[in-house]
A.B. asks: 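Here you go, one structure.
We're numbering straight along the sequence, starting at 1.
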Amino acid sequence: MNRGRLSQLFAAALALTLIMGTISFGYAESSTITTNQGDSYEKPLPRNQILYSEIGSKLKEIKDKNSNIMDYQVIGQTNQGRDLYLVTLTDADGMQNLQKHKDFMKNAVKNPQTAIDYIKKNTDYKVPVFFNASIHGNETPGVDGVIKLIEKLTTDKSAEVQDILKNCVVLINVVQNPDGRASGVRENAAGVDMNRDYITQSQPETRAIVKNVATAWYPTTMLDLHGFMTTDNILLEPCTIPHNPNYEYDLLAKSLLPHAKYMAAAMKEATGWDVDIPSEIWDDGWDDYPPIFTPQYFMYFGTISHTLEIKYADQDSINADFAACYASLQYAAKNKATLMKNQFEIFNRGVQGAEVEHDVSFPYAYIIPVNKEQQKDIYEAYEMVQHLLDNGIIVQQASAAFTAGGVKYPAGTFIVPMHQGLRGLANTMLWQGEDVTKLAGQMYDISAYSFPLLNGFDAPAVQSEFKSETKNVTEVLAPVGNFNEGAGVNYIMPVENDAAYLVANTLVKEDFKVYRSKDMVSKYPSGTFVIPEQLGLVERLKDLASKNMVNIAGIGNTKATLQPLMLKKIAVIEEDGGTFSAMRELGFDVTEISYNAVNHGYDLEKNAFQALVLSGSQALWEDSYDASGTTWSLDSRGIANLIGFAKNHDYIGAGYAGAMLNKEIDKLDVVMSYIGEDDSQTAENGICTFDAKKSDPITYTYGKNEIVFAFKPMWVAAINNSQVVVSGSYGKGEGMYKAGFWAEPQQIAGAYAIVHDNTPDYDAVLFGIVPTFRYYNHATNGMMANAIYYLGYDGK
């Protein structure tokens, strides 16, 4: 389904996820990500559905017969190396002038009034329409529905089809999740639910669509094909309240419901199934507030976007997907002028700085400093500038010093002007967020997202206009690091950003000895990396500093207490892929193992794993089998499997699942609590402060008033013996809670949130937060990195 594990309102909709006879989820014996088109194994599908491996030849066959109106490109590869196919369909004239139509849309973002004036006087423009199929690998019918659409548009010579091709450029992502389709699971090969990744764009499959569709075509409408509603009706958005205030929702609303009703009527006629539209039947609970979902991300481009949830993995559902797509094209062809005018008006409001809706006030600009005095994380600042550019957002760089908001900034500072067509997307990325608790009784998923807060860099908003000499940025050339041989003997590398972990791990993998300091090293704090002089080290350090934003210096002899780094082979079992994605990027020896593999007896010890990370909410821990044999979680066999391993191996637990496994193995004698009703976790979430102990090995480099993301937070209610050490606590005071959906955040203010063992017999760490949750919060990657290092220390 579009939104994963639903709130209680929609729990019944998960009662039957797949109707595929006795076929079970497929799983590989190893979750190591491979290349060259992935694993040859493919989960069998019903006879009416196409295997992933057959799609390429099918598209080639259709194109060979219809090259004048149809083309397809491979726009990237998945984690396992499978191709991503983007199909383009339009009339013969349109195919010969695709670049012209692309340029028209791109220019409309920058000069919307010119585009509005053009469509008032002309009809020779085409509306780009995008269909995204099966972002969840086990929600299979969407792929077959869009292939049926391709066949219809290339074989039907009726006047209606020719009118569609004349007025539309049809863009089809045939399968968003090839690895998931091949293995029969929801997530991609990295364990990531990509329908939670669209603002983050941590995965290659997501980035391919952002680059080749979102910021290349700026689609006017889009439809995301999901399943399964089973015993309920088909579901088709628009959504309930609250709507993200960074949308120009009044303009979107002019077409969202009429467009949906047109598609709903077509699906009803094709299948006989009724269609539920959340905005018409529910007060809240299926909202479009988070920017993480595919349709919601596209709404920042002025796109009329919907999620479609069909009922079953059967022919009727394939027919429903096809009917909705075809009806969407009919509607777009008939209403292209109105649809595009409203889209361009969204861009126009941004360019003009007009504020028609009053649920948000846009600043004049955001400032992203990159000088050490004004930026706490230069690495993440440059990463953010590149991310903004990758999303089509205008970024400028100051050519001379300037003053904004009463603060003087040097030349080289980045400026994100908010008088631009995509200001809503820019603001969503850079604002702090808001408290939405009073806006709705329940929310579907997360309720706050802020790149500066979650990634730990400074990007102050400036409300008043200011003057500056600037140039538009087209690419970012981030500075590299510095190597100063100094006194030699020992070299220090402070943890100034995440690149330090990658460099340290690279050295360890190359058999260099690397240590961390337990106390101060000269002027450098606990947790600083120390590398003693070794054969070939100096040249390697020079090379690594020249390619990574790290500072390395020789300091001579040191009396600091040092801990040797050892990279253990870590199995990661989680519900969101964040730990695996983040720690893999930092160079740790981590492997994503699916809960389904564990349920089916995957033996961690026989596969040479030395330690375990288990991360997830209550939904991962509880046995959720249904009548079809489908489960979304660990079952009793999987839990027993993990208990057997964790009793005799080092262990990191995060969230509810991590706490429950600790309770079973009794390594840390603590009582963990959560916010809930009737023994169920509720969905409180938000951005809040955190107080860490800088000298603790789990929270090296962290201190007071850090920022964390808390999703269904846990906390330590009781510590029952002295073999437990506290690393950090939730913040205190009025400023503890920044944004989110959290009725009483103060109820856990000051509560312990991270603990670990104090015994040489084993290593164990418990997180009440998930510091790598969905890979949203780079600022706390270091906590998980520190915990993994902790498992590899020989002594305490």
A.B. asks: Gln374 side chain to Lys408 main-chain N or O, any donor-acceptor pair under 3.5 Å?
C.D. replies: yes
A.B. asks: I'd like to know if the side chain of Gln618 pairs up with that of Tyr674 as donor and acceptor (distance under 3.5 Å, no hydrogens or angles considered).
C.D. replies: no
A.B. asks: Between Lys569 and Asp589, is there a side-chain N and carboxylate O pair less than 4.0 Å apart?
C.D. replies: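 Salt bridge between Lys569 and Asp589, a charged N being under 4.0 Å from a carboxylate O: no.
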A.B. asks: Is a side-chain donor-acceptor pair under 3.5 Å present for Tyr737 with Asp435?
C.D. replies: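 There is such a pair between these side chains.
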A.B. asks: Would you check if the side chain of Glu510 reaches a backbone N or O of Leu507 as a donor-acceptor pair within less than 3.5 Å?
C.D. replies: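 Looks like no, no N/O pair under 3.5 Å.
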A.B. asks: Is the backbone of Thr206 close enough, under 3.5 Å, to the side chain of Gln201 for a donor and an acceptor to pair up by distance?
C.D. replies: no
A.B. asks: Would His778 and Asp377 count as having a side-chain donor-acceptor pair, cut-off 3.5 Å?
C.D. replies: no
A.B. asks: Quiz question: by atom type and distance under 3.5 Å, do the side chains of Thr780 and Tyr702 form a donor-acceptor pair?
C.D. replies: no
A.B. asks: Kindly assign one of parallel, tilted or perpendicular to the pair His387 and Phe451, based on the angle between their ring planes and the thresholds 30° and 60°.
C.D. replies: tilted
A.B. asks: Checking Asp650 side chain against Asp763 main chain: does a donor-acceptor pair fall under 3.5 Å?
C.D. replies: yes
A.B. asks: Looking only at the side chains, is there a donor atom on one of Asp691 and Ser729 sitting less than 3.5 Å from an acceptor on the other?
C.D. replies: no
A.B. asks: Ignoring hydrogens and angles, state whether a donor on the side chain of Asp757 or Tyr790 is under 3.5 Å from an acceptor on the partner side chain.
C.D. replies: yes
A.B. asks: Indicate the ring-plane relationship of Phe709 and Phe711, choosing parallel, tilted or perpendicular according to the 30° and 60° boundaries.
C.D. replies: parallel
A.B. asks: Would you say the side-chain atoms of Tyr762 pair up with the backbone N or O of Lys667, donor to acceptor, closer than 3.5 Å?
C.D. replies: yes
A.B. asks: I'd like to know if Asp445 and Arg196 make a salt bridge, using a cut-off of under 4.0 Å between side-chain N and carboxylate O.
C.D. replies: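 Looking at Asp445 and Arg196, the cut-off is met.
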A.B. asks: Using a distance-only test with no angle check, is there a side-chain donor-acceptor pair under 3.5 angstrom linking Tyr379 and Asn455?
C.D. replies: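 Judged by distance alone, the side chains do not pair up.
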A.B. asks: On the 0 to 90° scale, with breaks at 30° and 60°, tag the Tyr602-Phe609 ring pair as parallel, tilted or perpendicular.
C.D. replies: tilted
A.B. asks: Donor-acceptor check, side chain of Asn490 to backbone of Gly556, threshold 3.5 angstrom: yes or no?
C.D. replies: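 Here the side-chain-to-backbone pair exists.
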